[in-house]
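Everything on this sheet refers to the single structure shown next.
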Amino acid sequence: MKKVLCIFSSFWSPVILLHVLLGGSLELCTGQNENGFSRNCFPPNFIFGAGSSAYQVEGAAYEDGKTPSIWDTFTHAGKMPDKSNGDIAADQYHRYKVNVKLMADTGLDIYRFSISWSRIIPNGRGPINPKGLEYYNNLINELTIHGIEPHVTLFHYDLPRTLEDEYKGWLSRKIVKDFIAYADVCFKEFGDRVTTWTTINEANVFVLGSYQMRYNPPQRCSLPFGARNCTSGNSTTEPYIAAHNILLAHASTARLYKNKYQDKQHGVIGINLMTYGINLLTNSIEDIAATRRANEFYVGWFADPLFFGDYPESMKRNVGSRLPSFTPYEAKLVRVSCDFLGVNHYGMLNIKDNPESLKIQQRDFNLDMAALQIADWSSPGVVLPDFPGTPSGLQRDLEYIKQVYRNPPIYIHENGQTSSRAARDTSINDTSRVAYLKGYIEGVLDALRNGSNTKGYFT
Ligand SMILES: *[C@@H]1O[C@H](CO)[C@@H](O)[C@H](O)[C@H]1NC(C)=O
Ligand SMILES: *[C@@H]1O[C@H](CO)[C@@H](O)[C@H](O)[C@H]1NC(C)=O
Ligand SMILES: *[C@@H]1O[C@H](CO)[C@@H](O)[C@H](O)[C@H]1NC(C)=O
Ligand SMILES: *[C@@H]1O[C@H](CO)[C@@H](O)[C@H](O)[C@H]1NC(C)=O
């Protein structure tokens, strides 16, 4: 095994671990094998895949007509802790054939990737870049030749810089029209081979990281909020405005797909959210209510409009007039716009009631939520302190979505554990990551056995 593993780049080691975990046994699903489960414990049409995003793998950041995204600007201003940038990244723009070959050799069935908007439409709207189309056509064809199904994300954080400069990107309603036009190009050009579309990756994390905390571009926040110096923005209002425009852009794009393409192309369209494995710290009535509220703020913020046509009551009450509202027409548009929900999951949050926060006049998302959050992103799912009978936060989230949103189809689009560069480069005996993946995949299996409509798992 060691010899085989060494020929792959470290980028693929999670995929290989997945196959080690799943491929070890051809026995019936007795739960008796070394891992406690095997591939055939899962439904035959359940898919396993691996995912990436454009900025993290493509490189060629300024080549063949691509213009900068807000991530190019951000990294070139030296904003990454290690001062890195994605100019070359995994060089997938040039090395896609090699990478697809590695995927095929690894036995990958599905590859999730995102399209760089400013590679396809360099000004954000208007003229299409033929070189951009050519790259994605080549990649999709190469995948198809190797029997690997593409799942495509339209927006994975890398907004064209021009749209940020012109009208502040997602803070403006103008983004809706431009996003639809960009999506239309993608459906028209790639939809004959791509049948699973995700509009926005981690809508909730994008909005909070970019407009409340200032971790990510466009780095907006206002004092006293935000993890870094706030120079422009408004943490009390902008996250809610950006989220609202994201919901409208997603829904209008889904309507376009359903009206113009779905009959011909037989595909599906959904959105992606991070889920947080929200966990109780105590069993007090107040903390139980805070836990429910935290799920409503983090997930319900998007999922309630998508499945019920409006924001959660707790958000309307606590955020008040800072929360935009849907017209009856928009509510209907948003409500029928998801064929599936994409879920990213990495770790869990412990939640404790914080009623004092509502006495503060100027409130951001965290104060509006009235809950203290204690994050634990590092622990493997298997060793987290948990409710009895739920071995991982992901399982708890899948149960939550099943019960609250009437069991929609789910793809777990991202799950995995980072390891240090030293461990990645030198160690094949990656036991902590094996334990992490095992714990989460077991949690998914338990959720499936309890009726969750989860359709696939991507590392
Ligand atoms: C905040 O701004 C001050 C003054 O410009 C600077 O010294 C400090 O490093 C900044 N802090 C962060 C976290 O960027
Ligand atoms: C943020 O917007 C609200 C509502 O418009 C306003 O009351 C508040 O003063 C603004 N905060 C900042 C820091 O600009
Ligand atoms: C891998 O690491 C685990 C835990 O440290 C150890 O028990 C095991 O023997 C190691 N296996 C190999 C092949 O080195
Ligand atoms: C299994 O599903 C039932 C019915 O939806 C639910 O009441 C129960 O809590 C679930 N069990 C676990 C362990 O999540």
Side-chain angles (χ1 to χ4, degrees), residues 31 36-37 41-43 167-173 207-208 210-214 218-245 275-280 283 288 291-292 295 299 303 307 311 315-325 341 343 345 348 357-369 381-382 384-410 412 415 439-455 457:
F37 58 85
C41 299
F42 291 82
Y167 55 66
K168 297 201 177 77
W170 292 104
L171 289 176
S172 167
R173 191 67 73 101
V207 161
L208 292 173
S210 306
Y211 300 96
Q212 187 217 12
M213 297 303 287
R214 206 172 185 267
Q219 288 210 289
R220 297 177 65 85
C221 64
S222 59
L223 292 168
F225 310 107
R228 303 189 186 165
N229 290 344
C230 296
T231 46
S232 60
N234 189 332
S235 297
T236 72
T237 54
E238 289 187 357
Y240 300 113
I241 295 167
H244 199 72
N245 289 331
T275 71
Y276 291 82
I278 303 288
N279 198 30
L280 272 179
N283 275 315
I288 290 170
T291 304
R292 190 178 316 124
N295 270 315
V299 174
F307 291 101
Y311 291 117
M315 289 193 81
K316 293 205 266 188
R317 195 168 52 237
N318 291 7
V319 183
S321 63
R322 286 173 291 123
L323 190 68
S325 55
L341 187 62
V343 163
H345 187 95
M348 65 162 213
S357 73
L358 294 177
K359 294 179 184 153
I360 298 168
Q361 272 295 317
Q362 293 276 321
R363 296 198 295 271
D364 71 343
F365 178 89
N366 289 328
L367 294 176
D368 286 334
M369 184 161 55
V382 273
L384 295 178
D386 263 319
F387 292 134
T390 57
S392 83
L394 177 55
Q395 178 182 349
R396 192 159 56 234
D397 288 342
L398 296 177
E399 276 297 327
Y400 180 84
I401 294 166
K402 181 188 95 180
Q403 289 176 27
V404 175
Y405 301 108
R406 302 183 196 125
N407 213 8
I410 293 172
I412 297 151
N415 177 234
Y440 278 109
I441 294 170
E442 261 170 6
V444 174
L445 188 55
D446 285 344
L448 279 171
R449 285 174 171 155
N450 204 39
S452 167
N453 194 12
T454 302
K455 302 281 191 197
Y457 171 95

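It should be emphasised that the depicted structure is a prediction, and the values quoted were computed from it without experimental measurement. Residue numbers count from 1 along this sequence. Atoms within a ligand are numbered from 1 in the order they appear, just like the ligands themselves.
Summarising the contacts of atom 7 (O) of ligand 4 with Gln403, Gln395, Arg449, the nearest heavy atom is found in Gln403.
With contacts defined as side-chain heavy-atom distances shorter than 4.5 Å, the pair Cys41/Arg449 qualifies. The shortest side-chain heavy-atom distance between Phe365 and Phe225 does not fall under the 4.5 Å cut-off.
At the shortest separation from atom 11 (N) of ligand 2 among protein heavy atoms lies Asn234 ND2, 2.9 Å. Considering only non-hydrogen protein atoms, atom 5 (O) of ligand 2 sits nearest to Thr237 CG2, 4.5 Å. Remark: minimum distance from atom 9 (O) of ligand 2 to any protein heavy atom is reached at Gln362 NE2, 4.4 Å. Protein heavy atom at the shortest distance from atom 13 (C) of ligand 2 is Ser222 CB, 3.7 Å.
Of the inter-residue distances, the one linking Arg220 atom CZ with Leu171 atom CG reads 5.5 Å to the nearest 0.5 angstrom. Put simply, CG on Leu448 and NZ on Lys455 are 9.5 Å apart, with the number rounded to the nearest 0.5 Å.
Of all atoms in ligand 2, listed by their number and element, those nearer than 4.0 Å to a heavy atom of Thr236 are 1 (C).
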For Gln395 and Glu399, what are the C-alpha separation, side-chain angles and deciding distance, and is it a side chain to side chain donor-acceptor pair (under 3.5 Å)? CA-CA 6 Å; Gln395 178 182 349; Glu399 276 297 327; 5.6 Å; no
Chi angles and distances behind the side chain to side chain donor-acceptor pair (under 3.5 Å) call for Asp368, Tyr240: CA-CA 11 Å; Asp368 286 334; Tyr240 300 113; 2.6 Å; yes
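Within the 4.0 Å heavy-atom shell around ligand 4 one finds Lys402.
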